[in-house]
Amino acid sequence: LVFTNEFKLRKAYPQHWYDLSIGSSEYHICLTASRQKRELTAGIYITSNKHIFYTLKKQSDNIEKDLGNEVEWREATKACRFIVYHSFDLDDKSQWQSAFSWLYNTSVKIKFIMSKYTKG
């Protein structure tokens, strides 16, 4: 797994989230880690284009198959997103390698999904 083959590195800050650019100013991949909820999330954050959100949501069954996870869809007044969850205990260092692998693999799948369902 070579992260830099798929994504451009960005400076990491001491926060619970990390964004990945995937070639559009309309959306990006958002990754989070929550100690309290004991979970990781990965998903697409769409800044203000509802058309992209609705286009993706129409493909929700296919997207869930592509990801191998159930997807949560969130629509707000301006921004929208979809999210997938993964159980993770941040305090258990033995889980870190599998957590990083899940984040990487899920991000690659999301990048593929965006190219597959938002073209044309």
Side-chain angles (χ1 to χ4, degrees):
L1 304 173
V2 181
F3 183 85
T4 55
N5 287 351
E6 293 291 335
F7 304 101
K8 184 177 177 184
L9 288 176
R10 299 171 82 173
K11 183 171 173 63
Y13 294 97
Q15 55 204 16
H16 75 283
W17 54 270
Y18 187 78
D19 292 339
L20 297 171
S21 175
I22 53 173
S24 174
S25 60
E26 300 273 1
Y27 50 80
H28 61 271
I29 295 173
C30 183
L31 309 173
T32 68
S34 173
R35 173 175 269 125
Q36 295 82 8
K37 294 179 183 178
R38 294 178 182 242
E39 68 186 11
L40 300 172
T41 69
I44 278 294
Y45 185 90
I46 304 165
T47 51
S48 61
N49 189 329
K50 298 276 185 162
H51 175 72
I52 294 171
F53 178 77
Y54 296 132
T55 298
L56 293 169
K57 197 167 181 185
K58 284 181 195 173
Q59 296 294 329
S60 62
D61 289 342
N62 292 327
I63 289 172
E64 286 186 352
K65 286 178 191 167
D66 290 342
L67 286 170
N69 280 69
E70 188 174 320
V71 174
E72 180 181 321
W73 298 88
R74 291 187 185 173
E75 183 177 3
T77 304
K78 190 169 181 176
C80 302
R81 63 193 308 187
F82 76 71
I83 306 167
V84 293
Y85 297 89
H86 181 75
S87 294
F88 171 64
D89 182 356
L90 186 64
D91 296 318
D92 181 357
K93 290 185 179 185
S94 71
Q95 293 184 20
W96 288 13
Q97 185 60 48
S98 65
F100 287 125
S101 293
W102 183 84
L103 288 168
Y104 172 79
N105 291 327
T106 304
S107 295
V108 169
K109 289 176 186 177
I110 291 170
K111 182 179 176 184
F112 169 76
I113 284 165
M114 295 309 289
S115 67
K116 181 177 179 181
Y117 297 113
T118 61
K119 295 291 183 211

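Both backbone and side-chain heavy atoms feed into the values below; hydrogens, waters and symmetry mates do not. For clarity, every value in this text was computed on a predicted model and none was experimentally measured.
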Least distance between heavy atoms, [X] atom then [Y] atom:
{"X": "Ala99", "Y": "Leu40", "value": "CB-CD1, 3.6 Å"}
{"X": "Leu20", "Y": "Ser107", "value": "CD1-OG, 3.6 Å"}
{"X": "Cys80", "Y": "Phe53", "value": "CB-CD1, 3.3 Å"}
{"X": "Val71", "Y": "Leu67", "value": "CG2-CD1, 3.8 Å"}
{"X": "Ser25", "Y": "Thr47", "value": "O-OG1, 3.8 Å"}
{"X": "Ala42", "Y": "Thr106", "value": "CB-CG2, 3.7 Å"}

Distance (rounded to the nearest 0.5 Å) between [X] [atom1] and [Y] [atom2]:
{"X": "Leu31", "Y": "Tyr104", "atom1": "CG", "atom2": "OH", "value": "13.0 Å"}
{"X": "Ile46", "Y": "Leu56", "atom1": "CD1", "atom2": "CG", "value": "5.0 Å"}
{"X": "Asn49", "Y": "Thr118", "atom1": "CG", "atom2": "OG1", "value": "10.0 Å"}
{"X": "His86", "Y": "Thr41", "atom1": "NE2", "atom2": "OG1", "value": "11.5 Å"}
{"X": "Ile22", "Y": "Met114", "atom1": "CD1", "atom2": "CE", "value": "5.5 Å"}

Connected via hydrophobic side-chain network under 4.5 Å: [X] and [Y]:
{"X": "Tyr45", "Y": "Tyr27", "value": "no"}
{"X": "Phe82", "Y": "Val108", "value": "yes"}
{"X": "Phe7", "Y": "Ile110", "value": "yes"}

### Query
Under the 4.5 Å side-chain heavy-atom rule for ILVMFWY, direct or indirect, which residues accompany Ile83?
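Ile83 shares its hydrophobic cluster with Tyr85.
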### Query
In the hydrophobic clustering (ILVMFWY, side-chain contacts below 4.5 Å, transitive), which residues join Trp17, or is it alone?
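So far as hydrophobic clustering goes, Trp17 is joined with none.
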### With Tyr117 via ring pair (Phe, Tyr, Trp, His ring centres under 6.0 Å) - residues at least two apart
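Here no residue qualifies.
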### Task
Please identify each residue that fulfils salt bridge (Lys or Arg N to Asp or Glu O under 4.0 Å) with Lys50, with sequence neighbours left out.
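Counting only residues at least two positions away or on another chain, Lys50 forms a salt bridge (Lys or Arg N to Asp or Glu O under 4.0 Å) with Glu75.
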### Query
By salt bridge (Lys or Arg N to Asp or Glu O under 4.0 Å), which residues pair with Lys111, not counting sequence neighbours?
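Lys111 satisfies salt bridge (Lys or Arg N to Asp or Glu O under 4.0 Å) with Glu6 only.
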### Task
Report yes or no: does Trp96 contribute a side-chain atom to a donor-acceptor pair with the main-chain N or O of Leu90 at less than 3.5 Å?
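Such a contact is found between Trp96 side chain and Leu90 backbone.
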### Message
Going by side chain to side chain donor-acceptor pair (under 3.5 Å), name the residues that satisfy it together with Glu39, two or more places apart in sequence or in a different chain.
### Response
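In terms of side chain to side chain donor-acceptor pair (under 3.5 Å), with neighbours along the sequence ignored, Glu39 is linked to no residue.
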### Query
Residues two or more places apart in sequence or in another chain: which of them pass side chain to side chain donor-acceptor pair (under 3.5 Å) with Thr77?
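Here no residue qualifies.
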#### Entry: Partners meeting side chain to side chain contact (heavy atoms under 4.5 Å, CB included) with His16 (sequence neighbours left out)
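So His16 forms a side chain to side chain contact (heavy atoms under 4.5 Å, CB included) with Thr32.
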### Query
Which residues satisfy the side chain to side chain contact (heavy atoms under 4.5 Å, CB included) test with Ser48, sequence neighbours excluded?
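Result, side chain to side chain contact (heavy atoms under 4.5 Å, CB included) vs Ser48: Lys78.
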Sequence neighbours left out, what pairs pass salt bridge (charged side-chain N to carboxylate O under 4.0 Å, His left out) with at least one residue falling in [range]?
{"range": "residues 17-26", "result": "none"}
{"range": "residues 80-95", "result": "Arg35-Asp91, Arg38-Asp89"}
{"range": "residues 62-71", "result": "Asp66-Lys116"}

### Query
How about Trp73 and Ile63: do any of their side-chain heavy atoms sit closer than 4.5 Å?
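Yes, side chains in contact.
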